[in-house]
There are 2 protein chains.
Amino acid sequence: MESRNMNIYDIAKEAGVSISTVSRVLNHKGNVNPATRERVEEVLERNHYTPSAIARGMVSKSMRTVAVLTVDIRVPHYARTAYTIERELSHRGYEVTLCNTGGEAEETEKYLQTMLEKKVDGIVLVGSVFNTICKKPEIKKLLRTVPVVLANGKLEMANSYSVLVDDKYGIALAVNELLKKGHRDIYYVKDMDTVSARLKWEGFVDTLQHAGIAEAKKKVLHTTSDLEGGMRAVRELIQSGKKFSALVCGEDITAAGAVKALLQEGYRIPEDVAVTGYNNSEYARICEPTLTTIDNKPELVAMFSVQLLTSLIEKTDAYSSCTIQPELVAGKTV
Amino acid sequence: MESRNMNIYDIAKEAGVSISTVSRVLNHKGNVNPATRERVEEVLERNHYTPSAIARGMVSKSMRTVAVLTVDIRVPHYARTAYTIERELSHRGYEVTLCNTGGEAEETEKYLQTMLEKKVDGIVLVGSVFNTICKKPEIKKLLRTVPVVLANGKLEMANSYSVLVDDKYGIALAVNELLKKGHRDIYYVKDMDTVSARLKWEGFVDTLQHAGIAEAKKKVLHTTSDLEGGMRAVRELIQSGKKFSALVCGEDITAAGAVKALLQEGYRIPEDVAVTGYNNSEYARICEPTLTTIDNKPELVAMFSVQLLTSLIEKTDAYSSCTIQPELVAGKTV
DNA sequence: CTGTTAGCGCTTTCAT
DNA sequence: ATGAAAGCGCTAACAG
């Protein structure tokens, strides 16, 4: 590694000017004699001068950084959201600190504490779990001092905005599609236990009840949020001997598992059993037949989140919370 | 949002002590009278005092932050690597700034510039593209002043370490598996054009030639790095009328596409055509039949990267660059 | 055990 | 058009 970085004093001395002048040419602010400017710029260039964002932050009280808290960046849906948030913020001159909280309150609290010490300009919470986590008073207290946006969730605080996804409506789209094709024996494959997961489940039950189908509440298969979870749910359903002609899954990954298990058991899709997924992910396209799924638009969620956060940070209060409507994406499994 | 944050002076005044004493109790450093300590802690508590990491960074010249540059966090392989890096660094008290460079030199340069201004403690470059990008003098110059680890690549600099994945060997594993099963008409589905992609291709050619198979170099299908790319490669191969019994793919996603296209065209897998993927990703497991693939161990790469980076940062020069050997993971496509 | 003081590198008045 | 000086919030000698 090379010698110590030069600071603004070193540059000033070498250029034979004061630090104020250097600062002026650095920030293109105020008037500087063209000749002086040129001389300073030459010195800057020659020494590969890099201003210290820390020292600047000391004055401005901002490092132009936003914290993005997510459950687990390996989950494609979160990756898509975080990606778009990062790119958008980068264009606006902010860097993103990534925090994988595992959906745990304790980790969330630790990360938030550190982020507050680092004086982040704002925080984006990506995922419906944060609805629950933010209810905890110790977390709520931490969030009170900084602009916050909750991507897919509602936060009741003056310094926060929410971007909501109408997941209840999303699942209703899937159920209605199946009803339209004449399906009556429809089961729901439920994995997680977040606010969003609950909304999906409600969407399923309400839509079935609305269609006059009995015992909708009993038609739920609980499982884990992975490929194996989808497979297990199907095997248990088959074993139970219950009659079924369609499965609505809360995630593409469980839907892919369901399809896999059904095929292995000799069912034809969609002739014998129809399946729907959720997220419109790459998983849906890899699955053969391609999954009919629900697009819950993570990129749009990300764009709105960034828009709201920056309006909160820069106090250009022109926006407010918003809700996004999912769409059905037709595949070959219905 | 609440009132202005208190600083160490406010606390000192309220506790009736000097800022040094407050600093001492804050950092559990030096001796403080238990009674005084308690009083200060009470004031700290009552005011929800949060020390400024920026001011601390001003003194220590470090914000305990590491930049992770990757091509695109939405690519599962990078997500797995970045996830593990983030979690490991978090345990060691560092935060991670995520940068999606798109594999472009210009974006990389911009991000690096900013990261240097923010005085990051180190940089991890995730992905073989950075081999090429870091050759550019303007990029190389930027990297010269900070600890760097290249995850899957070689960087010839005093302040850097490398974690290499033996991708040539990885593909050789796949090819040998196919040769063992009697396959002779094997094609390689090549997508990208990075150092790693080239190594894979070399592994394919060398292994075939070693087995005495003619024209190995001509048995390459060029395509894009996505599901559609894998499908297209297969369709073109079929259309060409060439004889083939096995496909070695450079990525799971192209392998999944190949499988999909083959099934749609009526081929049985693996009876008519065998297929291998690369990455041991979720895609390999979703694919039906499950892909035989190569595990290139992103988590291990991440662990080593963090180990090497922290040894570089803390100057505990006990480690050096290392190479990771992939492993074959048997699926049902061979 | 505690307080005083000098930076850390920069921006920002305020003079000149 | 330029410079001098204060201050951002903290740590780390150094004194007492």
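Chain letters run A, B, ... following the sequence lines, proteins first, then strands; residues in each count from 1. Given the structure is predicted, the values throughout are model-derived calculations rather than measurements.
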I'd like to know whether [atom1] of [X] has more than 12 heavy-atom contacts from other residues, nucleotides or ligands below 6.0 angstrom.
X	atom1	answer
Glu38(A)	CD	no
Met6(A)	CE	yes
Glu106(A)	CD	no
Glu42(A)	CD	yes
Tyr49(B)	OH	yes

Considering only nitrogen or oxygen atoms on both sides, find all protein atoms under 3.5 Å from nucleotides 14-16 of chain C and state each distance.
none

* Just checking, is any N or O donor in the side chain of Thr65(A) or Lys118(B) under 3.5 Å from an acceptor N or O on the other one? -> yes

* Tyr111(A) and Thr97(A): side-chain donor and acceptor closer than 3.5 Å? ->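 Per modelled atom types, Tyr111(A) and Thr97(A) side chains form no pair under 3.5 Å.
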
* Asked: Just how far, in rounded Å, is P of dT5(C) from CD1 of Ile8(B)?
  ->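 Rounded to the whole Å, the gap is 16 Å.
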
* To do: Using heavy atoms and a sub-4.0 Å distance, could you list which residues of residues 32-45 of chain B are near DNA chain C? By number, please.
  =>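 Of all residues in residues 32-45 of chain B, the ones placing a heavy atom under 4.0 Å from DNA chain C are Val32(B), Asn33(B), Thr36(B).
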
Indicate yes or no for a side-chain donor-acceptor contact from [X] to the backbone of [Y] under 3.5 Å, with no hydrogens or angles considered.
X	Y	value
Asp121(A)	Arg64(A)	yes
Lys297(A)	Val165(A)	no
Ser162(B)	Gly153(B)	yes
Ser90(B)	Glu86(B)	no

* To do: Answer yes when Arg46(A) and Glu14(A) have at least one side-chain N-carboxylate O distance shorter than 4.0 Å, and no when they do not.
  => yes

* **Ionic contact status for Arg87(A) with Glu107(B), cut-off 4.0 Å** =>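 Yes.
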
* Asked: Which ones in residues 15-23 of chain B lie close to DNA chain D, meaning a heavy atom under 4.0 Å from one of its atoms?
  -> Ile19(B), Ser20(B), Ser23(B)

* Asked: Tell me, which of residues 49-66 of chain A have any heavy atom that sits under 4.0 Å from an atom in DNA chain D?
  ->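 Those residues are Met58(A), Val59(A), Lys61(A).
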
* Asked: From Ile8(B) CD1 over to Ser52(B) OG, what is the distance, rounded to the nearest 0.5 angstrom?
  ->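 If I round to the nearest 0.5 Å, the distance is 10.5 Å.
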
* Asked: Listed by chain and number, what are the side-chain contact (heavy atoms from CB on, under 4.5 Å) partners of Arg39(A), not counting sequence neighbours?
  -> Val17(A), Thr36(A)

* Opening and closing nucleotides of DNA chain D in contact with chain B, under 4.0 Å to non-hydrogen atoms -> dG9(D) to dA12(D)

* Is there a donor on the side chain of Tyr9(A) or the base of dC10(C) sitting less than 3.5 Å from an acceptor on the other? -> yes

* Any Lys29(A) side-chain nitrogen or oxygen under 4.0 Å from OP1 or OP2 of dT12(C) -> yes

* Asked: How is Asn31(B) classified with respect to the nucleic acid when contacts are heavy atoms under 4.0 Å: base, sugar-phosphate, or nothing?
  ->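 Contact class for Asn31(B): base.
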
